[in-house]
Amino acid sequence: MNEEIIPAVRSRGRPRSDASQLAILNATRDLLEERGLVDLTIEEIAQRAGVGKATIYRRWPSKGTLAFEAFAFQFLARQPLPNTGNLRDDLLAALLSWIRAVKGTVTGRTLVGLIAEVQRDPELAEIWAEKFVKPVRAQQHLLISRAVERGEIAATTDPYIAIDLLFGPAYHRLLQSHLALSDRFARNLVDTIINGLAAGVPVVR
């Protein structure tokens, strides 16, 4: 049974009924699960949702922007902010939660597809930066800020570079599929970051 999806993208054009909106978003999510983003078409979504293509295009300018809205709320809801009391456990919990969400899942395949779409869809790229990257990085920033407040790492540590050190390798493995996104990888990566910070390796702009 489909779950209701809270929209992540502001309405375009004439207001549409909540029922039509949810039908479109749920049809999109079902089709993403069945065939993936690459093979997804607006025609199929319209048919599955029982609406015309014009109804979809009045709200979403492209397949990518529609897929993003169907994907974003559910994904972000599965990425709670850890607060374990120490930086190592916070980083490990955050990374393991991300791995559980994307490893071998429809969510992971959709994330990869959306990253590809961002490169060729300017409207999606704008929405992606504002509605996904910005809030995610703002939340992750808190992990580093808390560690600075606790005196675990230097106040000169750049939070965004520290987070890039964590998620950069993870996204690299997701996109390249050359090495496993395993718990062992997560632990080794977090330990490497923590050891570097503890040794006073500068992480600044």
Side-chain angles (χ1 to χ4, degrees), residues 2-79 97-99 101-141 160-161 163-164 166-178 181:
N2 289 325
E3 300 174 1
E4 292 190 356
I5 302 173
I6 296 175
V9 183
R10 184 171 295 179
S11 300
R12 295 170 53 93
R14 293 185 303 172
R16 309 306 300 168
S17 72
D18 289 344
S20 293
Q21 177 181 321
L22 289 172
I24 293 166
L25 291 170
N26 286 329
T28 302
R29 192 175 70 174
D30 289 345
L31 287 165
L32 283 170
E33 184 169 354
E34 292 172 18
R35 61 190 68 231
L37 181 58
V38 172
D39 296 324
L40 185 70
T41 68
I42 295 296
E43 289 80 2
E44 284 183 301
I45 296 169
Q47 183 177 16
R48 181 72 64 92
V51 301
K53 288 193 296 181
T55 299
I56 296 175
Y57 280 121
R58 274 193 291 266
R59 184 176 181 91
W60 297 278
S62 66
K63 178 179 76 171
T65 56
L66 172 53
F68 171 77
E69 185 163 347
F71 158 87
F73 174 74
Q74 187 180 48
F75 179 80
L76 294 175
R78 296 177 63 187
Q79 303 298 307
S97 177
W98 182 88
I99 289 173
V102 305
K103 182 180 177 181
T105 66
V106 173
T107 297
R109 293 193 296 273
T110 303
L111 179 59
V112 170
L114 284 169
I115 290 171
E117 283 291 318
V118 164
Q119 313 310 310
R120 52 180 173 261
D121 183 340
E123 291 195 84
L124 175 59
E126 184 178 347
I127 291 169
W128 181 264
E130 183 65 25
K131 299 293 185 179
F132 186 80
V133 176
K134 185 177 179 179
V136 166
R137 287 177 70 78
Q139 176 171 283
Q140 294 167 349
H141 182 286
Y160 295 116
I161 292 181
I163 290 300
D164 285 345
L166 180 70
F167 284 100
Y171 270 94
H172 183 61
R173 290 196 178 202
L174 176 67
L175 294 172
Q176 301 291 345
S177 300
H178 62 302
L181 280 169

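Note that this is a predicted model, so its numbers are computed, not measured. Just so it is clear, the values below take in all heavy atoms, side chains as well, and ignore hydrogens, waters and symmetry mates.
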Note: Gln74 and Arg29 closest approach over all heavy atoms is NE2-NH1, 3.2 Å
Can you tell me if Gln79 uses its side chain to pair, donor with acceptor, with the backbone of Val136 under 3.5 Å? no
Minimal heavy-atom distance between Glu123 and Thr65, with the atoms involved, is C-CG2, 4.3 Å
Got a second to check how far Leu25's CG is from Glu69's CD, nearest 0.5 Å? 5.0 Å
Salt bridge (Lys or Arg N to Asp or Glu O under 4.0 Å) against Asp164, all qualifying residues, sequence neighbours excluded: Arg137
Applying ring pair (Phe, Tyr, Trp, His ring centres under 6.0 Å), which residue pairs with at least one partner in residues 102-122 are found, sequence neighbours left out? none
Between atom CD of Gln140 and atom CD1 of Ile163, what is the distance when rounded to the nearest 0.5 Å? 5.0 Å
Glu33, CD: over 12 other non-hydrogen atoms inside 6.0 angstrom: no
Between the CG atom in Leu31 and the CG atom in Leu37, the distance rounded to the nearest 0.5 Å is 11.5 Å
Between Lys53 (side chain only) and Ala46 (backbone N and O only), is there a donor and an acceptor less than 3.5 Å apart? no
Over all atoms of both residues, closest heavy-atom pair of Ala27 and Ile45: CB-O, 4.0 Å
Which residues share a side-chain contact (heavy atoms from CB on, under 4.5 Å) with Lys134, sequence neighbours left out: Glu130
Whether Phe132 and Phe68 hold their rings parallel, tilted or perpendicular, with breakpoints at 30° and 60°: perpendicular
